[in-house]
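Everything numeric here is computed off the predicted structure, so don't read it as measured data. Position 1 is the first residue of the sequence; numbering continues from there.
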Amino acid sequence: MALFKKRILEKRVGGKDAARAGQPVVITIARDFGAEGHEVGKMLSTELGIPLYDNELLVRSALRSGESIDKMAAYDERMAAAMTAFLPDRVDARTLSDKLFNAMSQVILDLGATESCIIEGRLSDYLLRSNPNHIAVLVTAPFEDRVEIVRSKRGLTRRRGAKLVREMQRAREGFYKRYSAGRWKMSDGKDLVVNRAKLGRQGCVEVIAAAYRAKLAELGVFEAEAAEAAAAGAEPTAATE
């Protein structure tokens, strides 16, 4: 019940800042490959009690575009830039890639306008840059730390791990370049940059969660929830969220 009330209040927000924004608080997470940004996102979702959208974006985008989920996955951010987006002799592939990205963009914009949530990757920070209630995060780590994380998880040699990190990082950066028309880089426009190597996953979660709660407090959500809880004769719950 407390979580339900919290989400209702976040949508309502109540103050003049919220009226200006007209949107809930949304966290976007850009991830340098190997920095465990996805794991941080999952832990953050549990910590804050708000949904994480990653692979589900593919499902929703497939439904919107009328394409199969398998085809959508094949043109996900890790593949589109690296495999098809820059090849001039693959016009059909590029056209499909653009179509699917357009569908995904609309899904991200819709989510960012309707509920507090966490959205991972896929240029979401760029797409939601005009939302003043948006918190843009980059989860990173030094190259050698990312290589070690990838190598140990996948049972690779250090050399193969380094090659994979470089290739996937280039693909992600290429995705940003292509679909922002060169106007946005992975490191651009970030409110928070958290170093997974120094903070650990839990430390990253705590830093991002603190920013989220500060944004809610700025918009008056905590105060509104406390007032409603008091009127109902219940203890306010926002301070422990």
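Ring pair Tyr179/Phe101 is parallel by interplanar angle, where below 30° counts as parallel and above 60° as perpendicular.
Between the side chains of Asn102 and Gln106, not a single donor N or O lies within less than 3.5 Å of an accepting N or O. A donor and an acceptor atom, one from each side chain of Tyr212 and Glu47, are nowhere located under 3.5 Å apart.
Note: Ser187 OG to Lys185 NZ = 6.5 Å, rounded to the nearest 0.5 Å.
Legend: residues meeting side-chain hydrogen bond (donor to acceptor under 3.5 Å, both in side chains) with Arg158, ordered by chain and number and at least two apart, are Glu144. Partners of Arg151 according to the side-chain hydrogen bond (donor to acceptor under 3.5 Å, both in side chains) rule, which considers only residues two or more places apart in sequence or in another chain, are Glu148. Listed by chain and residue number, Asp125 satisfy the side-chain hydrogen bond (donor to acceptor under 3.5 Å, both in side chains) test with Lys190 (two or more places apart in sequence, or in another chain). The side-chain hydrogen bond (donor to acceptor under 3.5 Å, both in side chains) check on Lys163 picks up Glu167, with sequence neighbours excluded.
Between the Arg196 side chain and the Val139 main chain, no donor and acceptor come within less than 3.5 Å of each other.
Within the structure, ring-ring contact (aromatic ring centres under 6.0 Å, His included) pairs that include any residue of residues 142-172 do not occur (at least two apart or interchain). For the ring-ring contact (aromatic ring centres under 6.0 Å, His included) condition, the pairs that include at least one residue of residues 115-135, sequence neighbours left out, are Tyr126-Trp184.
Between Lys42 and Glu39 there is no salt bridge, since none of the side-chain N atoms of the basic residue sits less than 4.0 Å from a carboxylate O of the acidic one.
You'll find the side chain of Leu48 reaches within 4.5 Å of the side chain of Arg213, heavy atoms only. Two residues are said to be in side-chain contact when any heavy atoms from C-beta on lie closer than 4.5 Å; Val25 and Ile50 fail this criterion.
Ile118 and Gly41 make their closest contact through CD1-O, 4.0 Å (heavy atoms, listed as atom of the first residue, atom of the second, distance).
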